[in-house]
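Values below: all heavy atoms of this structure, side chains included; hydrogens, waters and symmetry mates excluded.
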Amino acid sequence: MSYYETYVTDVLVIGAGLAGERAAIESAVSGWNVTILSLVPPRRSHSSAAQGGMQASLANTAMGKGDSPDIHFLDTVKGSDWGCDQDVARLFADTAPVAVREMAHWGVPWTRVTLDKRIYDGKEIHEDPEKVGLISARNFGGTAKWRTCYTADGTGHTVLYTMDSMVLKLGITVHDRVEALSLIHDGERCYGAVVRCLRTGALRVYTAKVTVIATGGYGRLYGASTNAVINEGSGMSLALDTGVVPLGNMEAVQFHPTGIVPSWILVTEGARGDGGYLLDKNLYRFMPDYEPGKKELASRDVVSRRIMQHIRAGYGVESPYGDHVWLDIRHLGEKHINTNLREIATICRNFAGIDPVHDLIPVRPTQHYSMGGVRTDIHGKAHGLDHLFALGEAACWDLHGFNRLGGNSLAETVVAGKIVGSQIAKYTRDVSLDVKTSLIEEHLHQQEDRIKRLQERTGGTENVYELRRQMENVLSQNVGIFRTEDPLKQAVKQLQELHERTQHIGLRGGGRGGDPELAAALRLPGMVRLAYCIAQGALARQESRGSHFREDFPKRDDVNWLKRTLAYWPTGATEPELQYEPVKITESPPGDRGYGEATSTFQAGQGKGQNPGNAGKP
Ligand SMILES: Cc1cc2nc3c(=O)[nH]c(=O)nc-3n(C[C@H](O)[C@H](O)[C@H](O)COP(=O)(O)OP(=O)(O)OC[C@H]3O[C@@H](n4cnc5c(N)ncnc54)[C@H](O)[C@@H]3O)c2cc1C
């Protein structure tokens, strides 16, 4: 065997976002030696971009009075369109208040309850003087009670920085600018990962008693996404490529209603939660017509569809980047915007050249969150392979079913980090690291060969960036918000062809050292396989549930489709194999969400021309 840097650790956590770091902390305080890997310095992980907040039923604010984990549980299940695992939702809702308070104890500067005058939807809110100074909450995620805890609109930033400070304090080893390329496994258990240093291009070996995938979402498969450029789903590829670990509900892709056109940077739902309106080309506030109860704060899948429905009906604002609608927060006032929404105000000024204090913000639904991911049990243990765990956005735990509630994902990172982290710590006690060097060599050589083939291939005709653009287009055009059989079939066929073409990539550069083109070429085949799982799962699922909306099957079908898709990619296969498992219903039988198409009587066009310019006067 050639010389490779080799690291041995008890717990190997791939991913240094909130989920990975929180789980690492739990293992480290139990005395385990923990190593965290990351593509970028941990504080630059995508979690840092989260603006809106974190759900936990603390019930400190006037609008959260009477809240409880029971109500949080029900909101989560309804939001998921009954696609989530209810045992997981229950555990999550019960643990969230503890996890959020724990973050306060570790130093997160949560926005607190004050007696400042506050108007919401025309009504003045009076806080209880006895609650002043406790953790506050905003309206977010279409919940029954206001329970989204926040630090202005930089929640992910403050929570991740606090978390990373704990990682430093505990002396946990962090190796950044590295990329895990494959899991070392024998088809039964996992022993660590083969990793490539992104600075030098050298391969390394990390062996571990327990390996954890916490690599975030796959937003960038869609091109236009609110996700960071590093969110390419590579942890899901690691799992899928074992041939034995399935991915759950890959077709469950969330589109956020308000990506800024055309940079696709997110405007937090907090902007609508704080009272922002969606307006059409006539400056008409159209959401109350579609969703009289929740208005702009129906669940994200519903608001995204309503916007697209309204645009399709001819009420979109034309732009060189496609039709869009407006987000109006002007009436919230300069002070509110420049304090509670200051990050998005800065983003609007810097990236869109507008000032939301005076201007409307051009927005359109944009890919945002991956509900699908590495399928695990309630303890975070991956299906199919022992000693492998997954959590956070990379996983399908499955808290979110077919639609993740705003504020439930950041909360999931710290809650799952706490719960799964403690399971990992317990599990590690019974594991000894006993791995054959021949197995390590086999996995190393597979990656070494892939790299050599790319570096030495002179006849490779395909351009990695061009193939990637084609993959993004296939998903965006045919596997987006509205889905139908023929475009989905076409997507599957195109992705099959693209997958074949990834075998013929030729590098324009030499592929030496930390060459980014080589990194992209190593990553792309796995990304296309993920895209294939999304399209295949969407084609097979003949119903509409949460974010998965089939125009040819517009109803949710609880008789045939109350089940979770499991996508496997057997070794050497050219397409995914789909299997299904039942969704666990324990407390809340499938019912009406109380918002969305099933209950609406609105006909597109009803609001045309009425009450133009009513912005700010609901
Ligand atoms: C713009 C935006 C705003 C959001 N706002 C909110 C919000 O207000 N509330 C809310 O609840 N949710 C929000 N979300 C969702 C939430 O931020 C994410 O779901 C959550 O932060 C994901 O955390 P994570 O730890 O799972 O992954 P990430 O934070 O994405 O971390 C992934 C880590 O994995 C590493 N990694 C990836 N691949 C590899 C590899 N192959 N090898 C080594 N390391 C690897 C990366 O370097 C990174 O460290 C928002 C999402 C977006 C896009």
Item checked: T565 (side chain) donor-acceptor with G248 (main chain) under 3.5 angstrom -> no
Check: Between D557 and N560, is there a donor-acceptor pair closer than 3.5 Å when you use the side chain of the first and the backbone of the second?
Finding: yes
Item checked: Y321, OH: over 12 other non-hydrogen atoms inside 6.0 angstrom -> no
Checklist line | Donor-acceptor contact below 3.5 Å, side chain Q86 vs main chain S588 | finding: yes
Margin query: Between Q254 and N403, is there a side-chain donor-acceptor contact under 3.5 Å, judged purely by atom types and distance?
Written below: yes
Checklist line | ring-ring contact (aromatic ring centres under 6.0 Å, His included): pairs with one or both residues in residues 51-97, sequence neighbours excluded | finding: H72-F92
Notebook entry, point to check: For F482, is the NZ or CZ atom of R312 found under 6.0 angstrom from the centre of its six-membered ring and inside 45 degrees of the ring axis?
Noted result: yes
Next item on the list: Report the distance from atom CG of D67 to atom CH2 of W146, rounding to the nearest 0.5 Å.
Entry: 13.0 Å
Margin query: Could you tell me if N408 and H400 have a donor-acceptor pair between their side chains, going purely by distance under 3.5 Å?
Written below: no
Note to self: If we count only N and O atoms by modelled type, under 3.5 Å, do the side chains of R483 and H548 hold a donor and an acceptor together?
What the structure shows: yes
Notebook entry, point to check: Just one of Q309, K295, H310 clears the side chain to side chain donor-acceptor pair (under 3.5 Å) bar with Y290, so which one?
Noted result: H310
Next item on the list: Give, for atom CG of N231 and atom OG of S370, the distance between the pair rounded to the nearest 0.5 Å.
Entry: 7.5 Å
Notebook entry, point to check: Any side-chain donor-acceptor pair under 3.5 Å between T226 and H256?
Noted result: no
Check: Does the side chain of Y277 reach to within under 4.5 Å of the side chain of H331, using non-hydrogen atoms?
Finding: yes
Next item on the list: Take atom NZ of K563 as the centre, draw a 6.0 Å sphere, and report whether it contains more than 12 heavy atoms from other residues, nucleotides or ligands.
Entry: yes
Checklist line | R593 and D301 ion-paired at < 4.0 Å | finding: yes
Next item on the list: Could you tell me whether R545 and D558 make a salt bridge, using a distance below 4.0 angstrom between a side-chain N and a carboxylate O?
Entry: yes
Check: Do Y284 and D289 have side-chain N/O donor and acceptor atoms under 3.5 Å apart?
Finding: yes
Note to self: Taking the side chain as everything from C-beta on, heavy atoms only, tell me whether L134 gets closer than 4.5 Å to L58.
What the structure shows: no
Next item on the list: Inspect the surroundings of CZ in R342 and state if more than 12 heavy atoms from other residues, nucleotides or ligands are less than 6.0 Å away.
Entry: no
